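Let me begin by presenting the structure, written as structure tokens, before commenting on it.
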Protein chains: 2
Amino acid sequence: MKVHFLHKPDIKNLVNFIKEHIYDSVIILLSRCSVIYDGRAKSTLNEGDRIIMIKPDGSLLIHKNKKREPVNWQPSGSSISYKIENKQFIIRSIRKKPREVLEIIVYEVYHACAFKCEDYEELNLTGSEGDMVDMIFKNPKLIEEGFKPLSKEYQIPTGIIDILGKDENNNWVILELKRRRADLQSVSQLKRYVEYFKSKYGEKRVRGILVAPSLTTGALNLLKSENLEFKKLTPPKKDQTLSKKLNKKHNTINKIAILDEWL
Amino acid sequence: MKVHFLHKPDIKNLVNFIKEHIYDSVIILLSRCSVIYDGRAKSTLNEGDRIIMIKPDGSLLIHKNKKREPVNWQPSGSSISYKIENKQFIIRSIRKKPREVLEIIVYEVYHACAFKCEDYEELNLTGSEGDMVDMIFKNPKLIEEGFKPLSKEYQIPTGIIDILGKDENNNWVILELKRRRADLQSVSQLKRYVEYFKSKYGEKRVRGILVAPSLTTGALNLLKSENLEFKKLTPPKKDQTLSKKLNKKHNTINKIAILDEWL
DNA sequence: GCCTAGGTCCCGTCC
DNA sequence: GGACGGGGCCTAGGC
């Protein structure tokens, strides 16, 4: 069975339910709870309705009714325990390194589900910085005529250079790539790499180019004053399609046809 | 009613269910689906079991059975629509700025819940950078004897200085605060501010201090070579307790007492 | 384990 | 709306 659920469970059934499904299914509790966290920081959250999600890998999310971000959480690798204390149901998640403890005081569970979430597919994403790197190596003159990329992720003491190359006059060229609008931080990053290279090879023989679809105003000003360069380039999106071994069997959804329009 | 749910719904009931609860409740679908996203980047995700969460503020999350992060998402402010197309149930979320479209092809819904998630409490968090700022303003000699903080979040063309002050010799002192171990980026940030101030007030009259609980090795090396300083300081955690207007009424959970030990 | 940097980062805040 | 930087950032990839 893919899904088990309890509606308005009492504590005994809830405990058994969690015991049975934890580390095997994703458990979701629609609950009224409060939360205490202590670790890298420390927080409290008073009583309210929230969604608790516990995944088999130990990650834990507590969601409010707004925002993409969980209000409290624990990353994967954390370990779950739970008990009754002073007549309250408490879920505790502990992360070892760094030491972080999250406690959920659960006052009421309106609904609980456990989902044996079988997923063998990974996200296929394009338009990231890596795609820019590939594009530049395949077609270096996107940067400029005569540019020769030499290595990617080139490590120096002050960081990791996205692309290191040479121009047609044999100057070192350091590229810092950004998939989105570059900001002050991006310029500082490029400058850090360029300064190390200049200290090694001399002022005149090192250039730094920020490669991005656009620049913030502050970044542009700083770039100019530091004699760094900008090359406008947008990360490429490769063509993608969903594999079409799909929609074959037991699509319980396809039972009734409705108007083919957005609701 | 706090929670409505459907178990193994057919499409007609599912559509009505969503129509009824969207923008009012958090909707959770335990489903088999695939996902297409196109916006700042572009992605596909082939068929598999996932948890879909749609919040009243328009945020949308698609979770796999692992990790804290959703595999696909849309932030709050996005708008939801849905339809049947080629006998498939499709949920579409559109974000206006930047333009981003997310489409979920839903093959099967094992379980659906709608949760009228009432929450009037906000997270109360301590141990953040702001707490360090407060601490330093209250007790400036935590930085050094004679330090006088003058302003916080002081804006200059190359960014925003956490704390600007003067030392006992009337030198400008620029503090860059980090609540956690400071890295290369932190040093570059501080350097960027210091260089602007030096260009304005002269080399000898500006100091830069990185204030953090610790430093990465690379950051330490860079800091030294740039003649910047480090002051070890850990963000303070204020005392906090949950407000105790709690555990009064209708705690359906407290029906059976179990052993008071962690399970 | 530490270090480094990317991210569809999200998010708040201030201009 | 752009800009800037924090975050309990998370996560991946090297070493």
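The structure presented is a predicted model; accordingly, all values stated were derived computationally and were not measured. Labels below follow one simple rule: chain letters A, B, ... track the order of the sequence lines, proteins then strands, and each chain is numbered from 1.
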Exceeds 12 heavy-atom contacts within 6.0 angstrom, atom CD of A:Glu118: yes
Measure distances between side-chain N and O atoms of B:Glu69 and base N and O atoms of C:dG7, and say whether any donor-acceptor pair falls under 3.5 Å. no
Where the side chain of B:Arg68 is defined as all heavy atoms beyond and including C-beta, which of C:dG12, C:dC10, D:dT11 is the nearest nucleotide? D:dT11
Looking across every strand, which nucleic acid part, if any, lies under 4.0 Å from A:Leu125 by heavy atom: base, sugar-phosphate, or nothing? base
Between D:dG2 atom C1' and B:Ile160 atom CD1, what is the distance in whole Å? 12 Å
Rounded off to whole Å, could you give me the CD-to-C1' distance for the A:Glu129 and D:dA12 pair? 13 Å
Does atom NZ of B:Lys66 have more than 12 heavy-atom neighbours, drawn from other residues, nucleotides or ligands, at distances under 6.0 Å? no
OP1 or OP2 of D:dG8 under 4.0 Å from side-chain N/O of A:Trp73: no
Whether A:Thr217 contacts D:dA3 is assessed here as follows: a side-chain N or O lying under 4.0 Å from the phosphate OP1 or OP2. Is that the case? yes
Closest listed nucleotide, where the reference is the side chain of A:Gln155 and the choices are D:dC15, C:dC11, C:dC14: D:dC15
Determine the interatomic distance between C1' on C:dA5 and the same-named atom on D:dG7; round to the nearest Å. 16 Å
Any B:Lys66 side-chain nitrogen or oxygen under 4.0 Å from OP1 or OP2 of D:dT11: no
A:Pro75 near the nucleic acid: base, sugar-phosphate alone, or nothing, with a heavy-atom cut-off under 4.0 Å? base
Main-chain N/O of B:Ser43 paired to A:Asn124 side chain as donor or acceptor, under 3.5 Å: no
Could you give the distance separating D:dG5 and C:dG7 at their C1' atoms, to the nearest angstrom? 15 Å
Please confirm whether any donor atom in the side chain of A:Glu100 sits under 3.5 Å from an acceptor in the base of D:dG8, or the reverse. yes
Phosphate contact (D:dG8 OP1 or OP2) by A:Ser43 side-chain N/O below 4.0 Å: no
Distance (rounded to the nearest 0.5 Å) between B:Ile22 CD1 and B:Ile80 CD1: 5.0 Å
So does B:Ser76 get a side-chain nitrogen or oxygen closer than 4.0 Å to the phosphate oxygens (OP1/OP2) of C:dC10? no
For the pair made of CD in A:Glu153 and P in D:dA12, what is the distance, rounded to whole Å? 15 Å
Euclidean distance, atom CG of residue B:Asp57 to atom P of C:dG12 [Å, nearest integer]: 11 Å
Does A:Phe137 have A:Lys152 sitting over its ring (NZ/CZ under 6.0 Å from centre, angle to axis within 45°)? yes
Tell me which residues in residues 173-195 of chain A put a heavy atom below 4.0 Å from DNA chain C, sorted by number, or none. A:Glu176, A:Lys178, A:Arg179, A:Arg180, A:Gln189, A:Arg192, A:Tyr193
With heavy atoms under 4.0 Å as the rule, sort B:Lys42 into base, sugar-phosphate or nothing. nothing
Can you tell me how far apart OG (B:Ser79) and CH2 (A:Trp262) are? Round to the nearest 0.5 Å. 11.5 Å
Classify the nucleic acid contact of B:Gly39 as base, sugar-phosphate or nothing, counting any heavy atom under 4.0 Å across all strands shown. nothing
Nearest-0.5 Å distance that lies between atom CE in A:Met135 and atom CG in A:Leu233: 4.0 Å
Strictly below 4.0 Å: does B:Lys237 bring a side-chain N or O up to OP1 or OP2 of D:dG8? no
Using a 3.5 Å limit on both distances, find every run of at least three consecutive Watson-Crick or G-U pairs that involves DNA chain C. C:1-7 with D:9-15, C:9-15 with D:1-7
Please classify the nucleic acid contact of B:Asn72 as base, sugar-phosphate, or nothing, using heavy-atom distances under 4.0 Å. base
